[in-house]
Amino acid sequence: ENIRLTNNTSEEMLARRNQLVENYAKKKNISVEEATAKLKDTVIDAYNTGDGITINVNSPKALNRLVGHEITHSLEKTTEYKGKLQKIAIEYAKTKGEYDSRVEILESLYDGTNADINKELTADIVGDYLFTDQEFINNIQKKDRNLFQRIYDEIKHLIKLVTANTKEAR
């Protein structure tokens with residue numbers, strides 16, 4: 001896999017985030033390169049290229065939101081995702097009164113593309129709430145324990161990869 005970094009702005013916080021991603025990439029033995037992608041004059045914060053994930057480390061969005069979004073896309077072909085995570089995420093957005101506005105924004109952004117709006121919506125919701133909203137986490141755990149465990153195991157695995165000092169420990 002590859003992680004590509006874009007270069008939109010330059011601030012101390014963004015430099016620290018860039019360093020974090022580079023350290024992670026080094027520990028995972030993956031390449032890091034610079035790239036910029038836009039969709040309708042909107043700089044894309046992160047996207048999956050098929051052979052890796054491109055992360056805009058200069059995005060105003062928190063890195064955990066970007067990671068949560070891309071983790072969700074990586075789960076799309078699993079049984080836990082199909083009909084479960086998508087349904088839970090969309091229901092949650094509706095209870096928060098965010099569903100319609102989120103769909104409208106995504107439909108406008110992806111108009112004329114072959115993007116699956118429901119998948120992007122699900123990834124956005126999970127990315128926004130996975131690491132920041134205890135109610136969202138409790139909701140996943142309550143509605144589908146296996147899905148919750150799969151996400152939890154993936155997070156534990158990522159933490160181990162980032163914090164392990166040796167290849168054997170990873």
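Residue numbers start at 1 and run along the sequence shown.
Below 30°, between 30° and 60°, or above 60°: for F136 and Y129 the angle between ring planes is between 30° and 60°, a tilted geometry.
Here the CD1 atom belonging to I151 is positioned 7.0 Å from the OG1 atom belonging to T72, to the nearest 0.5 angstrom. Once rounded to the nearest 0.5 Å, the distance linking CG of N138 with CG of D133 reads 9.0 Å. For the atom pair CG of D128 and CD1 of I125, the computed distance is 8.0 Å after rounding to the nearest 0.5 Å. Residue D124 holds its CG atom at 10.0 Å from CD1 of I117, rounded to the nearest 0.5 Å. K96 contributes atom NZ, which lies 9.0 Å from atom CZ of R102 (distance to the nearest 0.5 angstrom). Here the CZ-OG1 distance, from R150 to T78, works out to 5.0 Å after rounding to the nearest 0.5 Å.
The two residues A123 and H73 make their nearest non-hydrogen contact at CB-NE2, 3.6 Å. Taking each heavy atom of G68 and V126 in turn, the nearest pair found is O-CG1, 4.1 Å. Across all non-hydrogen atoms, the minimal contact from I90 to L121 is CG1-CD2, 3.9 Å. In terms of heavy atoms, F148 sits closest to I137 at CE1-CG2, 3.5 Å. Shown here for Q86 and T122, the closest heavy-atom pair between the two residues is CG-OG1, 3.0 Å.
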- Item | side-chain hydrogen bond (donor to acceptor under 3.5 Å, both in side chains) between E135 and N139, intermediate numbers included | CA-CA 6 Å; E135 183 182 346; N139 194 26; over 6 Å; no
- Item | From CA spacing to verdict: salt bridge (charged side-chain N to carboxylate O under 4.0 Å, His left out), K87, D144 | CA-CA 11 Å; K87 181 180 179 186; D144 191 323; over 6 Å; no
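Under the 3.5 Å distance criterion, the side-chain polar atoms of S108 are left unmatched by any main-chain donor or acceptor of E104.
Other residues, nucleotides and ligands contribute more than 12 heavy atoms inside 6.0 Å of the NZ atom of K84.
The shortest distance between side-chain heavy atoms of K143 and E91 falls below 4.5 Å.
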